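Structure first, then comments.
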Amino acid sequence: MAERGGRGSGHGSLDKSITLPPDEIFRNLENAKRFAIDIGGSLTKLAYYSTVQHKVARVRSFDHSGKDIDNEPLYEISVQEEITARLHFIKFENTYIETCLDFIKDHLVNTETKVIKATGGGAYKFKDLIEKKLGLKVDKEDVMTCLIKGCNFVLRNIPHEVFAYQKDSDTEFRFQTNHPNIFPYLLVNIGSGVSIVKVETEDKFEWIGGSSIGGGTFWGLGALLTKTKKFDELLQLASKGQHTNVDMLVKDVYGGAYQTLGLSGNLIASSFGKSTTADKEFSKEDMAKSLLHMISNDIGQLACLYAKLHNLDKIYFGGFFIRGHPVTMRTITYSINFFSKGEVQALFLRHEGYLGAIGAFLKGAEQDNPNQYSWGENYAGSSGLMSTSPDVYPMQRTRSGTFDMLEMDRLERPLVNLPLLKDPSTYIPDTVDLTDDAMARKYWLTCFEEALDGVAKRAAASQPDSVDAQERAEKFRQKYWNKLQTLRQQPFAYGTLTVRSLLDTREHCLNEFSFPDPYSKVKQKENGIALKCFQSVIESLDSLGWEERQFALVKGLLAGNVFDWGAKAVSDVLESEPQFGFEEAKSKLQERPWLEDSYSQWLERLKEGPPHKCALIFADNSGIDIILGVFPFVRELLSRGTEVILACNSGPALNDVTYSESLIVTERIAAMDPVIHSALRDEKLLLVQTGSSSPCLDLSRLDQGLAVLVRERQTDLVVIEGMGRAIHTNYYAVLRCESLKLAVIKNSWLADRLGGKIFSVIFKYEVP
Amino acid sequence: MEELSLPCMFLEGRAELLADGEHQLLHVEPFQLVPLGGVSQLWSEVDITAEEEEEEVENLKSIRKYLTSNVAYGSTGIRDVHLELKDLTLCGRKGNLHFIRFPTHDMPAFIHMGSEKHFSSLHSTLCATGGGAYKFEQDFLTMGDLELCKLDELDCLVKGVLYIDSVGFNGHSECYYFENPTDAERCQKLPFNLENPYPLLLVNIGSGVSILAVYSKDNYKRVTGTSLGGGTFFGLCCLLTGCSTFEEALEMASHGDSTKVDKLVRDIYGGDYERFGLPGWAVASSFGNMMSKEKRESVSKEDLAKATLITITNNIGSIARMCALNENINRVVFVGNFLRINTISMRLLAYALDYWSKGQLKALFLEHEGYFGAVGALLGLLDSA
């Protein structure tokens, strides 16, 4: 059906060579199982489940009995192999299907796989080929069921999956916040025809209508009218045409607008209404454009009528007519806006092309209960969204020969919203949208580029005993560099570009090349040093009067937060002045009044109000930050009768303290401090993990255990500490309880933006 | 406003010379017997001398003779004799109502004729509706020395439908429907009593389509419209088959086989798509087979014309059905020139509405298909008198 410009159509001649190194495409095939395939008119999507063995850093407490504590490291670090589940999705042209099947056959080790789930129109056509090549039984699944299953899955698991299209904006893609409840919605799939499906729950959906005027009409009628055979070429023709030469407009009928009805003169009164003559010639471009408008408007109108009848305001569009084509996204968006008068929004999905394959895969993997888990897009392994706008990036329009990939990691535990968010449906973690803000984007991309060599060096240095550390570090450097260059061109590739997504992508890339925790040794050393100072810090705090002590505690929190290897200004100091300590950090801090300063209100609250019931504290860095900054503060809260939930990251990121490190540190502190000791014993101090491995904080994706505890303990204070968690993210987060957001700005550009200087202090106390 | 512009769009007449948004000219006979203007308003308005009166009557007689002694005017004007309403009483006068149509692109010729036959001497107002009333206003004034009284086309349409339905069609029913539309053997055209017409959904298919919800004589709203109408059918047919008239396009369509052009549900699923209850015969993708080069080469012009007709008709049916559901109206009246001599579309609309609504919606049709705007304009003039 689709004639594609793949090179060498003779399958035999292609042999087993694929344009990209296949081991970078069909990754982790050795352990692959549960294959699913979705064969469309021109593209094939393959899905499989695999396990990835990767290195994780583990910490383990030594048995210190009878040893010289002073000269021993605090705990033992070991790098272990861990196996995690990963979903692989690969999209390629049908031309390559035979080659790809051969490659899979050759590399498939796992023999428990007996069937392959198949969906899509081509599942029938290629059934025999697949069975012959792979020796697997093809098990066909219903197209629409797969589509919906896939759609629910991406809506639930991929932040920024959904976007609206805006033609005249600097950012053509406007990503949407994931709504905690994805149902109900309307899915309009524009393939050769149009299917309109109402989805009410995971398993309940209904075909409520359709139309025969769809992508096939554009393609078929377009081919007849313009003698142009390919769908993409038809779209290109359309983007160059003038529909007003072919369509009869209101003004052609009225001479102007039809004012009694308020219809503009430029509206189309009759599609192809000017071609009602045998003697005039019309250009291909104009006819293609008129056809595109006719079909898009018609689909938009029907979609709005169905949305109205079923009282729905979210319509997701998919199908090959839409897939990656800004031209059609634009006309559909226009039509929906026009017919719904802005009441309904046309929405599109970043991974729309994969829905069928994801759904077919999920059908086959039901016994693994994939829906019980939370999944996360792996930025290192995924290709990202390509703009195919003919005006913007002409080079990327030719997709032949390219392979597109999506990889998703299974997270250890399910992620949920923080119950204390005021409105989860409007919560946006990130403070600055770099897709929107070209200046900020330029700055941060450059910033990450400049820091890259240092990060690669540190990664290599963190594994002195590994023979290939240098080589892997270089691969990491190259991969992340390429990602940054892609993001310069296509800031929307992975959803909204933010400092958080840049940081997370870097972590994913580090993991990809087996650098699970480059800062593990630094953290170990700093935790050891800080612990030695703990008692004297406590003593000096205890000697202060109440009011003085409150200020000292806050100052300690802030000073601790200076110790951040993620900030270049600090890491330079830490590299060059190993003696740089707590007191030095305090002296760097801005004097009050701070850049953002609600300390007086906070003090007033402590003085006048009743003790808080329970405080949830999101900690930032290892070492001085957690031990000399956070813990004395925790201790004070406990003394006031406030319970404390201390939340640390599940996995490593920069020198942020991890949950397992926090366990050891706390145990050590408890041994020195009776307040902490009894609080731990009486479960007044609880340590939990966030579920995240990011230096930033997304309050809509937190560990379920944390959420349960927050509810149980009736948490009424949230403390968020650090630049990543309180400034890059959550600066504007609105909670239903009191909150403290504090950080030291360790980046002069950001300080400048916020109207301050480097080491300016943010102390934001908010009451709902 | 999509409906305004049929291939040959029209303007609209006045008391006796009404032409409406599509292509017809309405002529009211009784008023030709009295000094032109025919309406009381003009009687009082015009204080004329005996000579002037004499001249006017002469002109009027000549116009009347020209119109009633012919059934065709020039190369494109046609009087639909079969639609003539006989012995109709309007404003206390009895007469025959004639229906004449010509393509809008011949408007200059019409104005020229009006000028030759001294329409302007009749001291009357020419009522006009449809887009052409605006577009050609200036030409009427400068070329024909005629001032148009412009009336809103949707007002006229609703008024015309309700009026003709109320007076009936020479003793027969104006409104009809198809019984057993889903059964080709037993399907037959039967009169429908539209005595209590409200609410009704009025779908006017001209070059574009307007859909109105009518709740009472004076209460209606335009629900929506689509640009895929008669003009689209005719325009695409011209491009695909090289035909040059609407009649020719319909004639080709009647000999074609659209299933060669369209992709049906059974072409994809081998039969019904049971998961969603879709019958195998339903069109899955209009022109869907034309994605393939071989199939493009094997279809005839007739097949293409038929597919175009089916595509446009089904789409109108589908939008009308959704509007009926949203507005909670179960009677849908289809009018407009697209339906003239177009039994294929009427039966398909009847079928589609019945099938997809599981018998809940009824498609109704009116004998005077495209003339209601003109009739409404005539009535508008009488009202304003």
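Worth saying up front: this structure is predicted, and the values here are computed from it rather than measured. Residue numbers start from 1 in every chain, and the chains themselves are labelled A, B, ... in the order their sequence lines are given, proteins ahead of strands.
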Q. Passes side-chain contact (heavy atoms from CB on, under 4.5 Å), B:Thr232 versus A:Ser270? Steps please.
A. CA-CA 6 Å; B:Thr232 314; A:Ser270 175; 4.0 Å; yes
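- Across B:Tyr134, B:Phe287, B:Tyr273, the residue that shares the most heavy-atom pairs under 4.5 angstrom with chain A is B:Phe287.
- Within residues 312-322 of chain B, the residues having any heavy atom under 4.5 Å from a heavy atom of chain A are, by residue number, B:Asn315, B:Ser318, B:Ile319, B:Arg321, B:Met322.
- Taking CG of A:Leu224 as the reference point, atom CE of B:Met291 lies at 11.5 Å (rounded to 0.5 Å).
- Side-chain contact check for B:Ile268 versus A:Tyr124: every heavy-atom pair is 4.5 Å or farther apart.
- The local environment of NZ in A:Lys140 is crowded, with over 12 non-hydrogen atoms from other residues, nucleotides or ligands closer than 6.0 Å.
- In this structure, the side chains of A:Trp219 and B:Met290 stay at 4.5 Å or more apart for every pair of heavy atoms.
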Q: Could you walk me through whether A:Thr276 and B:Phe233 pass the side-chain contact (heavy atoms from CB on, under 4.5 Å) test, one step at a time?
A: CA-CA 9 Å; A:Thr276 53; B:Phe233 161 65; over 6 Å; no
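- Atoms OG1 and NZ, on A:Thr217 and B:Lys263 in that order, are 11.0 Å from each other to the nearest 0.5 Å.
- Side chain of B:Lys135 to backbone of A:Asp252: a donor-acceptor contact under 3.5 angstrom is found.
- Side-chain contact, B:Asn326 with A:Tyr306: no donor N or O sits under 3.5 Å from an acceptor N or O.
- Inter-residue side-chain proximity for A:Tyr254 and B:Glu153 is flagged as met; some heavy-atom pair is nearer than 4.5 Å.
- Atom CD of A:Glu343 is surrounded by 12 or fewer heavy atoms from other residues, nucleotides or ligands within 6.0 Å.
- For chain B, the nearby part of A:Thr145 is the side chain; its heavy atoms alone come within less than 4.5 Å.
- A donor-acceptor contact shorter than 3.5 Å is absent between the side chain of B:Ser227 and the backbone of A:Ala269.
- Smallest separation of non-hydrogen atoms from A:Ser275 and B:Cys238: O-CB, 3.2 Å.
- Note on A:Gly191, A:Gly193, A:Gly222: by heavy-atom pairs under 4.5 Å with chain B, the leading option is A:Gly193.
- Using a 4.5 Å cut-off between heavy atoms, B:Cys243 contacts chain A through its backbone alone, with no side-chain atom that close.
- Your options are A:Trp207, A:Phe231, A:Phe282, A:Phe339, and the one with the most heavy-atom pairs under 4.5 Å with chain B is A:Trp207.
- Chain A forms the most heavy-atom pairs under 4.5 Å with one residue out of B:Leu325, B:Leu278, B:Thr311, and that residue is B:Leu278.
- Taking the six-membered ring for Trp and thresholds of 30 and 60 degrees, B:Phe276 and A:Phe205 have ring planes more than 60 degrees apart, a perpendicular arrangement.
- Under the side-chain contact (heavy atoms from CB on, under 4.5 Å) test applied with A:Leu221, the options B:Leu239, B:Leu240, B:Leu304 reduce to a single match, B:Leu240.
- Within a 6.0 Å sphere centred on CD of B:Glu274, heavy atoms belonging to other residues, nucleotides or ligands number 12 at most.
- Looking at A:Leu305, both its backbone and its side chain come within 4.5 Å of chain B, counting heavy atoms on both sides.
- Counting only heavy atoms from C-beta outward, the side chains of B:Leu236 and A:Leu225 approach each other to under 4.5 Å.
- For B:Glu248, no part lies under 4.5 angstrom from a heavy atom of chain A.
- The environment of OH in B:Tyr355 is crowded: more than 12 heavy-atom neighbours from other residues, nucleotides or ligands sit within 6.0 Å.
- Two residues are said to be in side-chain contact when any heavy atoms from C-beta on lie closer than 4.5 Å; B:Arg296 and A:Lys227 fail this criterion.
- Residue A:Met287 touches chain B through its side chain alone, counting heavy-atom pairs closer than 4.5 Å.
- Side-chain contact check for B:Arg222 versus A:Leu263: some heavy-atom pair is nearer than 4.5 Å.
- Here the closest non-hydrogen pair linking A:Gly216 and B:Ser285 is CA-OG, 3.5 Å.
- A 4.5 Å side-chain heavy-atom check between A:Gln301 and B:Thr224 finds at least one atom pair inside the cut-off.
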